[in-house]
Amino acid sequence: MVELSSRYTPKDVEERLYQQWESQALFHAEPDRRAPYTIVIPPPNVTGILHMGHALNNTIQDICIRFRRMQGANALWVPGTDHAGIATQNVVEKQLAKEGLRRQDLGREQFLQRVWQWKEQYGNTIIRQLKRLGSSCDWQRTRFTMDEGLSEAVAEVFIRLYEKGLIYRGNYIINWCPRCQTALSDEEAPRKETRGKLYYLKYPLVQGSGFKVQGGPRTSNLEPRTHVVVATTRPETMLGDTAVAVHPKDKRYKSLIGKTAILPLVGRELKIIADEAVDPEFGTGAVKVTPAHDPVDFQLGKTHKLEFINVMTDDGRMTNVPKEYEGLDRFECRKRLLATLEGQGMLEKTADHLHAVGHCYRCDTVIEPRLSLQWFVKMKPLAQPAIEAVKKKRITFTPARWTKVYLNWMEHIQDWCISRQIWWGHRIPVYYCQRCPADRVIVSKTPPGKCPKCGSTNLKQDEDVLDTWFSSWLWPFSTLGWPKKSKDLDYFYPTDTLVTAPEIIFFWVARMIMAGLFCMEDVPFRQVYIHGTVRDLTGKKMSKSLGNIIDPLDIIGQFGADALRYTLVTSTAVGTDVFISEEKFVVGRNFANKLWNVTRYVLSTVQGSRFKVQGHPSPFNLEPRTLSVADRWILSRLSHAIAEVTKALDRYAFNEAAQTAYELIWRDFCDWYVEVSKVRSQKSEVQLAVLAHVLETALRLLHPVMPFVTEELWQHVKPAGSPASIMTAPWPKAEKRWLDAEAEEQFALFKAVVTAIRNTKAELNVPLETKPPVQLSTKREAVRRFFEDQRPFLQVLAQVGDVTVGEGLMKPRDASATVVDGIEVIVPLSGLIDAAKERRRIQARVQELTEELGRLDVRLKDRQFTQRAPEDVVNQAKQRREQVTETLQKFTGHLQLLESL
RNA sequence: GGGCGAUUAGCUCAGUUGGUCAGAGCAGCGGAUUUACAUUCCGCAGGUCCCUGGUUCGAGCCCAGGAUCGCCCACCA
């Protein structure tokens, strides 16, 4: 606890607190008698640094967990990182490259040592940043997907799946990244709309295959057909073509079926086959078939027993091709090949073509679909129960629309390629006996001593490692001890809430559900909240390549983590995207500052009184009779706010929760209650109690959103017998007995009258210190009595002199009168304003404005300006012109009024 | 080719089941400085709630159609 200075300095407060929180293990949770509440943190990539997406994600989770913790739940939030196989390996390889080394130079073992070294040194960055953000994770439980226990879980689930026949190895077309030189799952190879070309290639027909065409491509109409034209976006793959396919019902090609074409440049004979898979509408209706490099062609190859010719190496160079192309990069080969074909007149035409091309999600290299021997997980049997679980609402999505997205993906799920040709990761627990046939595999958690079949000790482990997600999908239970039995697992599983971004639904959410049901026979969590994407003000996703990143750590440095959290959370309605700019964080900072200062004020009023703010009894029992209307009003507002914030947090409406707390604290408490309180006798213990109580409660109410400032301030105002930290203080209860419709109505009336008087004074530029007498006229007797009571408050808040309350009061000729809620507010004006002085002031201002208007007019009439200057500059000038005109009119009105006085 | 979301004040956005919902913040403008807070206070917003129909006593809010923008999914080479 520190002395509260006049300036709020989030940096100092936050720095101190977050280190305290960490060392005191305040967020540690063990199974006990309380109801558990568990939240699953998406383990961030170990190479990652905190970006806005993380900041939003973790702020939301932290709000949830702090909210539940205060509600008395045994709240557990297990933090950690995943090993991010490809990304981490890339990082370390880059490091090596600076030393002129490749990973192969070190060898597998040494390379892995380097990666571990790197992990020890840098892998903690994001964890540290999450702490700085205020995340109240159980840091003692921090896990890493390569930890011993989690690794065991990976091997265990591999074996279980294998034994159930759900893991298999086979040659299929997979997504290959030639840069990372590994296979990728479909999810890791997102498709991007790409402007490409569609090349129309002529494949000559073997003599005797030619014939007259009926309505084929126009060029060959009525001529003896000498060739068939195929269209392709990846011409280089033609070197691996082993057939040409057409649709069986396509009249244009009917008589070509069974004939033979010649592959240009190579000279290979290609059978012309018929298959329903061919779309007669696309291209020429004839398609080249490259079974080793395209998923559809692969299928064709299988059905028609074609040859599979792989024409590319692991790094995307050509192989098994004519000499002049051997060893060329795939795109270089494409260029040269097209040039040659064109020279030979074999390139019929080139058309622009928009298509979706897979890109590596780690390095953005264009994916090469390629035939390769890999391990796969059979997904359909795993997906079925996962679909059921969601359909039966054992898991619910918020917003609900994501349910459909999830179900749609699950229903069309493809098998999952899980082997990766990298070194950093969980090595596949499979061994091959060198003496037995190659397809004989031994699946084992630990290296088997000898082949169970032939007894040979010459065994070799599979070289590949597993997809990182193959360990992440076990996170909800592997972090709690699975496959071992544990108290934690019994107590905390299934967990309650998962908070994540939409792009993670397929990668992780869906797979966790499948893994949970498979391994634990229960869902891993009950609610999934999908928040939005963080975007800049133009709606673009924040990304390094666009250069529109706002660094959360930067914001924390400038405005504080509380400000960051507040602004992020108020900028997003349930499940909508978050649009932010740097200025928006000022709002959060100002709010923290406001809290700081109002606390200072409350503490200062108490000083010297018998009332003790810190340690005052709570819940306090006040006699309703002793409360003023303002007291009753603010207590009522407080109760409403508590109910609303609680309800909002229950339904993930974080923006509404934050907004409600903001309105209560700033608009109601600071702007009105505190101001009113200044009028009353400082010795009023009732008032001091209300001030302290409302402030203290509001701090608790806001704590999940702004943990640092609320913790610090709460230490100064907490009631006797409170816990050491606001984090474990009870969540505020909405006291029904404080709900007070009458007080709310009366105080609203009071505010309306004050505002009306302020308006009148402001309109006429009555100096603040001038206190005009005011008459309030109304027929309602109760209202008259009320204002009689409120006279002193009215005088201070509206800065007025005598207040006359009556019925049917006469309005003097030179008085201003406004009616609010049936009350006529009469402010006599004569003698209030030094008319001459005011007239001079206004005239001077009018002159200034007139001159400015003149300048603007000249400018706007200048064609050079209006036509050549940037549009927004011109618009700005126009806008300014309107403003000036408006202001001038206002002043003219004032002048007229002054004349009439 | 499917699916989803958005369209409300100059800007960024709220508006839970249709009836004080036409709002907030920022920007702008006019004013205030012996103040808990200038990271402040007071006052000022007339915006066809994208368009067109429909349901209803009544619609930003429900329905149908359309427009614009954005996102996701899909093996048309």
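Chain letters run A, B, ... following the sequence lines, proteins first and then strands; every chain starts at 1. Excluded from the calculations below are hydrogen atoms, water molecules and symmetry mates; all remaining heavy atoms, backbone and side chain alike, are included.
Within 4.0 Å of His412(A), counting heavy atoms only, lies no atom of the nucleic acid at all.
Comparing the same atom, C1', in A9(B) and in C26(B) gives a spacing of 12 Å after rounding to whole Å. Going from the C1' atom of A14(B) to that of G25(B) covers 10 Å, rounded to whole Å. To the nearest whole angstrom, the two C1' atoms, one in U55(B) and one in C61(B), are 14 Å apart.
In this structure, Arg651(A) pairs ionically with Glu656(A), as a charged nitrogen and a carboxylate oxygen lie closer than 4.0 Å. Comment: Lys678(A) engages Glu675(A) in a salt bridge, judged by a side-chain N to carboxylate O separation of less than 4.0 angstrom.
Applying the 3.5 Å distance criterion, the base of A36(B) shares a donor-acceptor pair with the side chain of Lys678(A).
Between Tyr652(A) and Tyr529(A), the angle of the ring planes stays under 30°, which puts this pair in the parallel group of the 30/60° scheme. Ring-plane geometry between Phe669(A) and Tyr673(A) is classed as parallel, the angle between the planes falling under 30 degrees on a 0 to 90 degree scale with a further cut at 60.
Applying the 90° cutoff around 0 to the glycosidic angle, G46(B) is assigned anti.
Pairs of Watson-Crick or G-U wobble type, with distances under 3.5 Å, assemble into runs of 3 or more in RNA chain B at these ranges: B:1-7 with B:67-73, B:10-13 with B:23-26, B:28-32 with B:40-44, B:50-54 with B:62-66.
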Quiz item: Can you give one letter per nucleotide of nucleotides 16-22 of chain B, 5' to 3': B if a protein heavy atom sits under 4.0 Å from the base, S if only from the sugar-phosphate, - if neither?
Solution: -------
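The salt bridge (charged side-chain N to carboxylate O under 4.0 Å, His left out) contacts involving residues 283-303 of chain A comprise Arg234(A)-Asp294(A), Asp241(A)-Lys288(A), where partners must be two or more places apart or lie in separate chains.
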